[in-house]
Amino acid sequence: MMKMKMRPSSTSFDASERQSSYAWLVFALCLVFVENCFLNPIFKPLVFPAENSNPDFTALIGGLLGNANQKAPVASAGGATAAPVLDTTPPVPGGSGIISAVPSGTYSGSTKAQVTLSWTAGTDNVTSQANLTYQVYYSLSNNLTTLTNTLANGTPFSTTQAGLSEIAVNQLFAKTAYYFNVVLTDQAGNQSIYTSQPSTMMPAVYIFDSVSNNQGNIGTRTNADTLCANRISSISQTSYPWKNSCSIVNAFISLSPADTVSNILKSVNAGVIVLGSQGMILASDKVQLTSGTIQNTIRNALPEYSSGAGWWSFSDFTGQFVSVDSCANATSNSGGVSGRIGFPDITSSAWIDDAINGEGSPSGATCDIFRTVFCICY
């Protein structure tokens, strides 16, 4: 009996051909959408359309692409959805960015000099006014004019605070010019600044160490003042912020009956506070400085104090010249000649007038010993 070759049914052929077509389509889509193919690999099980059904290519593509790049919808008041809002707008300083700076007229050991800063609260397009935060910065230079240089150059005072519009900035040096600014920040982290405001702290006289040890033959006023001029030119403004505010610098020593500490102090305005080099109070004014006592010891008020054998003053406690103890008018370095010194560890009149063995020659402060000279800035 003759066997007949049967041709595959058209139905079976169409299904196989259709699956092959889908496979090629998946491969083509992977070439186009490489990133999404990593998220939805073609080797994951695929559900092909049923035989004789119309292929839904849109659904197939959507399944391949997935939802990886879609942003979560945000419900609106009406029930519809909207894209999330991204806040990139900086807050706006209030009062056109103006800062008021009012220096205090008082000085204390605990707060030093201080200034009260005040400004108008800022506003923002998203963050409420109560949630805007403020950070105060200060500098010894006029370098707080932009947000970038304020953050780079400014020294922050206190902490960042919400709803702040006034603050007393303390621990500052008297007789020193400062610059201030305020950085305003919203809850998204956007920042802006107010307008840099300069302010000079209350006036003061500073006494500091020349750190130049000399025997009693110090010489003339010019020689003594040069020691102080050299010292102030060498010190750091960071450690001695008042250095650039000194109009006059003299050696704090009496060298003749006409050239005395008392006469130097006559040029200082009445009521001006007298401070050590780091802002510790020595006297409330020039009158108290030469009244017989000071408020803190020299060693505490002048951390740079370098002489272990007292310092040359050639003065009595009122600032007058003591000729018998002047190392022969600052010309002798002999151990047989005496000079009046100041004692660094006491607050009585001996701080400037220490006649070790009383009046006479020698008093004990012999002129062959190396001692420092103090300086005054006003």
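What's counted below: heavy atoms across the whole structure, side chains too, no hydrogens, waters or symmetry copies.
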Visitor: Is it the case that S108 and T111 place a side-chain donor and acceptor less than 3.5 Å from each other?
Guide: yes
Visitor: Can you tell whether the side chains of R340 and D353 come within less than 4.0 Å, N to carboxylate O?
Guide: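 Salt bridge between R340 and D353, a charged N being under 4.0 Å from a carboxylate O: yes.
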Visitor: Going only through I, L, V, M, F, W and Y residues with side-chain contacts under 4.5 Å, is there a path from L265 to I248?
Guide: yes
Visitor: Passes side-chain contact (heavy atoms from CB on, under 4.5 Å), N190 versus D87? Steps please.
Guide: CA-CA 8 Å; N190 302 305; D87 180 9; 3.5 Å; yes
Visitor: Side chains of Q161 and T133: is there a donor and an acceptor less than 3.5 Å apart?
Guide: no
Visitor: Taking S239 for the side chain and S236 for the main chain, is one N or O donor matched with an acceptor at less than 3.5 Å?
Guide: no
Visitor: I'd like to know if the side chain of N143 pairs up with that of N149 as donor and acceptor (distance under 3.5 Å, no hydrogens or angles considered).
Guide: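 No pair is found: no donor N or O on one side chain lies under 3.5 Å from an acceptor on the other.
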Visitor: Which heavy-atom pair separates S196 from N142 by the least distance, and what is that distance?
Guide: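 Reported closest heavy-atom pair: OG-OD1, 3.9 Å.
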Visitor: About how many Å separate CD1 of I218 and CG of N333, when rounded to the nearest 0.5 Å?
Guide: 11.0 Å
Visitor: Assess, by modelled atom type and distance only, whether the side chains of T331 and N329 contain a donor and an acceptor separated by less than 3.5 Å.
Guide: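 Result is no, nothing qualifies.
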Visitor: Looking at K286 and V268, would you say the former's side chain and the latter's main chain have a donor-acceptor pair under 3.5 Å?
Guide: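 Yes, because the side chain of K286 sits within donor-acceptor range (under 3.5 Å) of the backbone of V268.
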Visitor: Below 4.5 Å, heavy atoms only, C-beta onward: do W119 and P93 meet side chain to side chain?
Guide: no
Visitor: Between I273 and Y240, is there shared hydrophobic-cluster membership here, with clusters defined by ILVMFWY side-chain heavy atoms closer than 4.5 Å?
Guide: yes
Visitor: Distance-only, no hydrogens or angles: does the Q215 side chain make a donor-acceptor pair with backbone N or O of C367 under 3.5 Å?
Guide: no
Visitor: Would you tell me whether S254 and S315 have side-chain atoms, one donor and one acceptor, within less than 3.5 Å of each other?
Guide: yes
Visitor: Considering non-hydrogen atoms only, spot the tightest contact between G319 and T290 and give its length.
Guide: N-CG2, 4.4 Å
Visitor: Please determine whether side-chain contact (heavy atoms from CB on, under 4.5 Å) holds for the pair D124 and L132, giving the CA-CA distance in whole Å, both sets of side-chain angles, and the decisive distance to 0.1 Å.
Guide: CA-CA 8 Å; D124 187 66; L132 292 174; 3.8 Å; yes
Visitor: Applying a strict under-4.5 Å side-chain criterion to I, L, V, M, F, W and Y, I'd like to know whether I369 and V373 cluster together.
Guide: no
Visitor: Taking side chain as C-beta onward, heavy atoms only, is Y305 less than 4.5 Å from F208?
Guide: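 Not in contact.
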Visitor: Just so I know, are the side chains of S256 and R221 near enough to count as touching, which here means a heavy-atom distance under 4.5 Å?
Guide: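 No - every pair of side-chain heavy atoms lies 4.5 Å or more apart.
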Visitor: Is a side-chain donor or acceptor of S332 paired with a backbone partner of A328 at a separation under 3.5 angstrom?
Guide: no
Visitor: Mind checking whether F374 and W311 have ring centres under 6.0 Å apart?
Guide: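 When the ring centroids of F374 and W311 are compared, they turn out to be within the sub-6.0 Å range.
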Visitor: The test is side-chain contact (heavy atoms from CB on, under 4.5 Å); show your working for C246 and I232 and say whether it passes.
Guide: CA-CA 9 Å; C246 294; I232 202 166; 3.7 Å; yes
Visitor: Quick one: does L289's side chain get under 4.5 Å of I294's, heavy atoms only?
Guide: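 Yes, close enough: below the 4.5 Å cut-off.
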Visitor: Tell me which donor-acceptor pairs under 3.5 Å the side chains of residues 162-170 have, and how far apart each pair is, sequence neighbours excluded?
Guide:
none

Visitor: Does Q288 use its side chain to pair, donor to acceptor, with the backbone of S284 at less than 3.5 Å?
Guide: yes
Visitor: Go through N250 and D225 one step at a time and tell me if the side-chain hydrogen bond (donor to acceptor under 3.5 Å, both in side chains) criterion holds.
Guide: CA-CA 5 Å; N250 288 132; D225 288 349; 3.2 Å; yes
Visitor: Using distance alone, with no hydrogens and no angle criterion, decide if T106 and S104 have a side-chain donor and acceptor under 3.5 Å apart.
Guide: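 There is such a pair between these side chains.
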Visitor: Output, in order, the C-alpha distance, side-chain angles, deciding distance and verdict of side-chain contact (heavy atoms from CB on, under 4.5 Å) for N300 and M280.
Guide: CA-CA 8 Å; N300 287 336; M280 183 175 286; 3.9 Å; yes
Visitor: Looking only at side-chain N and O atoms, does S338 offer a donor or acceptor that is under 3.5 Å from a partner on D325?
Guide: yes
Visitor: Any chance you could pull the hydrophobic cluster mates of V92, using side-chain heavy atoms under 4.5 angstrom and chaining through other members?
Guide: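 V92 shares its hydrophobic cluster with no other residue.
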Visitor: How long is the straight-line distance from CG of N214 back to OG1 of T372, given to the nearest 0.5 Å?
Guide: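 Here the rounded value is 7.5 Å.
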Visitor: Let me confirm one number: the CD-CG distance from Q187 to N131, rounded to the nearest 0.5 Å.
Guide: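 With rounding to 0.5 Å, CD (Q187) is 4.5 Å from CG (N131).
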Visitor: Take Q278 and E304, measure what side-chain hydrogen bond (donor to acceptor under 3.5 Å, both in side chains) needs, and give me the verdict at the end.
Guide: CA-CA 9 Å; Q278 292 302 302; E304 72 275 20; 5.5 Å; no
Visitor: How far apart are the closest heavy atoms of I346 and T297, and which atoms are they?
Guide: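 Shortest heavy-atom separation between I346 and T297 comes out as N-CG2, 3.8 Å.
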Visitor: Check P344 against G310 and note the closest heavy-atom contact, atom names and distance.
Guide: CD-CA, 4.4 Å
Visitor: From F157 CZ over to Y137 OH, what is the distance, rounded to the nearest 0.5 angstrom?
Guide: 13.5 Å
Visitor: Which heavy atom of K243 sits nearest to which heavy atom of I235, and what is that distance?
Guide: NZ-O, 2.9 Å
Visitor: Can you find a pair of side-chain heavy atoms, one from D285 and one from V272, that are under 4.5 Å apart?
Guide: no
Visitor: When rounded to the nearest 0.5 angstrom, what is the spacing between OG in S192 and CG in D186?
Guide: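 Going from OG on S192 over to CG on D186, the span is 8.0 Å.
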Visitor: What I'd like to find out is whether the side chain of F252 reaches to under 4.5 Å of the side chain of S313, using heavy atoms alone.
Guide: no
Visitor: Has the side chain of S212 got a donor or acceptor atom that lies under 3.5 Å from a matching backbone atom of S210?
Guide: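 Side chain of S212 to backbone of S210, a donor-acceptor pair under 3.5 Å: no, none is there.
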Visitor: Y206 and K175: which non-hydrogen atoms are nearest, and at how many Å?
Guide: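 Here Y206 and K175 meet closest at CE1-CB, 4.0 Å.
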Visitor: Roughly how far, to the nearest 0.5 Å, is the CG atom of L140 from the OG1 atom of T155?
Guide: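 Reported to 0.5 Å precision, the distance equals 7.5 Å.
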Visitor: Heavy atoms, side chains only, cut-off 4.5 Å: are M202 and P103 in contact?
Guide: no
Visitor: Do V249 and Y378 belong to the same hydrophobic cluster, where Ile, Leu, Val, Met, Phe, Trp and Tyr are linked whenever their side-chain heavy atoms lie under 4.5 Å apart, directly or via other members?
Guide: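 Each belongs to a different hydrophobic cluster.
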Visitor: Ignoring hydrogens and angles, write down the donor-acceptor pairs under 3.5 Å from the side chains of residues 178-185, residues two or more places apart or on other chains.
Guide:
from: Y178; atom 1: OH; to: F173; atom 2: N; distance (Å): 2.8
from: N181; atom 1: OD1; to: Y194; atom 2: N; distance (Å): 3.4
from: N181; atom 1: ND2; to: L144; atom 2: O; distance (Å): 2.7
from: N181; atom 1: ND2; to: Y194; atom 2: O; distance (Å): 3.3
from: T185; atom 1: OG1; to: Q191; atom 2: NE2; distance (Å): 3.1

Visitor: Between W242 and S277, is there a donor-acceptor pair closer than 3.5 Å when you use the side chain of the first and the backbone of the second?
Guide: yes
Visitor: Starting from V205, can I reach Y107 by hopping between I/L/V/M/F/W/Y residues whose side chains sit under 4.5 Å apart?
Guide: no
Visitor: Would you say D209 and L302 make side-chain contact, with heavy atoms under 4.5 Å?
Guide: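 In short, these two side chains touch, coming nearer than 4.5 Å.
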Visitor: Using modelled atom types and a 3.5 Å cut-off, is there a donor and acceptor pairing between side-chain atoms of R371 and backbone atoms of A309?
Guide: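 Side chain of R371 to backbone of A309: a pair is present.
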